[in-house]
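In what follows, a single structure is set out as C-alpha cells and then discussed.
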Amino acid sequence: MSTIDTAQAAEVARAVALLRAGELVGMPTETVYGLAADASNPAAVARIFAAKGRPADHPVIVHLPDATDMSSQLSRWAREIPPAAQALAAAFWPGPLTLILKRQPDVSDLITGGQDTVGLRVPAHPLAQALLKTIGSGLAAPSANRFGRISPTTAAHVRDELGPAVAMVLDGGPCPVGIESTIVDLSGDAPRILRPGRISAAQVAAIVGPLGDHSRQGTGATPRVSGSLEAHYAPRTPMQLCAGQAFVDALAGIHIDERVGVLSMRSSPDDPRFVWRMMPGEAAPYATALYAALRALDDAGCDRLIVDAPPQEPVWLAVNDRLRRAATGAGDMTD
Ligand code: TXA
Ligand code: MG
C-alpha cells in the first residue's frame, strides 16, 4: 500500500470527524467512489438510502480496514466463516472483491437489507485504507451514484451526482479499476459469483474450487444484488448496444440531423453528427475508462448513444455485463 501525504492526511482527518458526526463522505476506492457512513450508526446509514434514492431492501457493503488479524475482524460482522472466505481474503484483500457471508445478529437490517447475510470488502485505495484505519471500524458504502445510475469514478462525478447530500468528497483521483468489485456469495452450499468484476470467476475458482450456478439467483421479488437488476448503471440518453456488422449498420442508419454519441474501439470517422469516444482495445483499461466515457456522452446532448459491443469473451465478461445493463436502463427516468 502506498502512503499518503500531509495534505491528504488532513483531508482524511476531516472526513473521519464528519463520519463520526453521522455525516456522509464520498470515499475513493480502487473500483468506484463509495458513499460512506459509519456502519455502526443506523441513522447515518439511513441517510445513504435517502441520498441515493435507493429502496431500503437493498443491502450495502461494509468496508473494513486491512487488519493483521483478519479472522477476528471478519467475525465482528460475520458468523460461520468458511475456509474459502479466509482463502479469498488472503488472496485478494485489500482489493476489488466483496464476500457475502452469514451475518452476526447485531448487524443492522439497514446494512443487510433484512437478509441473513452481510457483504464485506477491504478496499485497496490508500485514502480508503487511511480512512478505515483512522476510524477503526466498518464503513457502509454503496457506489456514490443515484440509484440505477452510472457509478462515479472521480470526485467530481460524486459531487455532480449527489450535491449537498454528501458533506465532503475525499478526492483520491480517478479510480484505477473503474467498475464495481466482484461479489462472491459464500453463504450457501457452493461459492457463487453474484456480480462479475476485475477479479474473474477463474481467479476465484483457482482459490476455492468449482463455483455454483449463479443463473438461478435474482429471480425472487427482492434482488440479492441491486446490480443484478436488469436495468442498472444507466445513462439518461437512450442507448443501443450493437455487435459487429449491426454497429456498422446502425451508424449508416442515423439521420442527417441526428447527434449520436458513440463508444467504440474503432477510430472516429470524419462526421460532425458523432460525439465519438474511442475506447481502449483491452478489457482492463476499457473498464477503467467506461463510466467516465458514458457520463461524458450522456452530458453531450446527444439524441441517442450507440455502443460498439466488445467481444463475447471471458475477459470482457464484466464490461459486457455493465454495458448490457446500461443499455437496458438507458433513458428510463422512473427510478
Ligand atoms: O466496488 C464496489 O463494490 C463499490 C465500492 C464503493 O466498494 N461498492 C458498490 O456498492 O458497488 P453497491 O451498493 O453499489 O453494490 C453492492 C452490491 C449491491 O448490488 C448489493 O445488493 C450487494 O452488493 N450486496 C451487499 N450486501 C449483500 C448481501 N448481504 N447479500 C447479497 N448482496 C449484497
Ligand atoms: Mg451501485
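One-based numbering along the sequence shown. First listed ligand is number 1; within each ligand, the first listed atom is number 1.
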Would you sort out whether Phe147 and His58 count as a ring-ring contact (aromatic ring centres under 6.0 Å, His included), showing the intermediate values? CA-CA 10 Å; Phe147 181 65; His58 285 258; 5.2 Å; yes

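Between Arg121 and Glu30, at least one side-chain N (NZ, or NE/NH1/NH2) sits under 4.0 Å from a carboxylate O, which counts as a salt bridge. Between Asp106 and Arg76 a salt bridge is recorded (basic side-chain N to carboxylate O distance below 4.0 Å). Look at Asp321 and Arg325 and you find a salt bridge, because one of the NZ, NE, NH1 or NH2 atoms lies within 4.0 Å of a carboxylate O, short of that distance. Salt bridge present: Arg192 and Asp185 bring a charged side-chain N and a carboxylate O closer than 4.0 Å. Arg304 has a carboxylate O that lies under 4.0 Å from a charged side-chain N of Glu258, or vice versa, which qualifies the two as a salt bridge. Salt-bridge check for Asp116 with Lys102: failed, with every basic side-chain N at 4.0 Å or more from each acidic carboxylate O.
Shown in contact with His63 at under 4.0 Å from a heavy atom are these atoms of ligand 1, numbered in order with element: 5 (C), 6 (C), 7 (O). In the vicinity of Gly34, heavy-atom distances shorter than 4.0 Å reach the ligand 1 atoms 6 (C). Of all atoms in ligand 1, listed by their number and element, those nearer than 4.0 Å to a heavy atom of Gln115 are 28 (C), 30 (N). Applying the 4.0 Å criterion to heavy atoms of Ile183 picks out, from ligand 1, the atoms 17 (C), 22 (C), 23 (O). Atoms of ligand 1 found under 4.0 Å from any heavy atom of Thr31 (numbered from 1 in listed order, with element): 1 (O), 2 (C), 4 (C), 5 (C). Close contacts between ligand 1 and Val118 involve ligand atoms 29 (N) [criterion: under 4.0 Å to a heavy atom].
When the options Ser143, Ser187, Pro28, Gly113 are ranked by their closest heavy atom to atom 8 (N) of ligand 1, first place goes to Ser143. Residue Pro59 holds the heavy atom nearest to atom 24 (N) of ligand 1 of all those in Ala36, Gly119, Pro59.
Any N or O atom pair closer than 3.5 Å counts here, and Ser181 shares at least one such pair with ligand 1. For ligand 1, one of its N or O atoms has an N or O atom of Arg195 under 3.5 Å away. Between Arg54 and ligand 1, at least one pair of N/O atoms sits closer than 3.5 Å. In terms of polar-atom proximity, defined here as any N/O pair under 3.5 Å, Thr117 does make such a contact with ligand 1. For the pair Lys52 and ligand 1, the shortest N or O to N or O distance does not fall below 3.5 Å. Considering backbone and side-chain atoms alike, Arg121 places an N or O below 3.5 Å from some N or O of ligand 1.
Ala9 is linked by a side-chain contact (heavy atoms from CB on, under 4.5 Å) to Ile4, counting only residues two or more places apart in sequence or in another chain.
Heavy atoms of His58 found under 4.0 angstrom from ligand 1: none, in either backbone or side chain.
Around the CD atom of Glu282, the shell of radius 6.0 Å holds no more than 12 heavy atoms that belong to other residues, nucleotides or ligands.
Below 30°, between 30° and 60°, or above 60°: for Trp316 and Tyr286 the angle between ring planes is above 60°, a perpendicular geometry.
At a cut-off of 2.8 Å, Ser143 coordinates the Mg ion (ligand 2) through an N, O or S atom.
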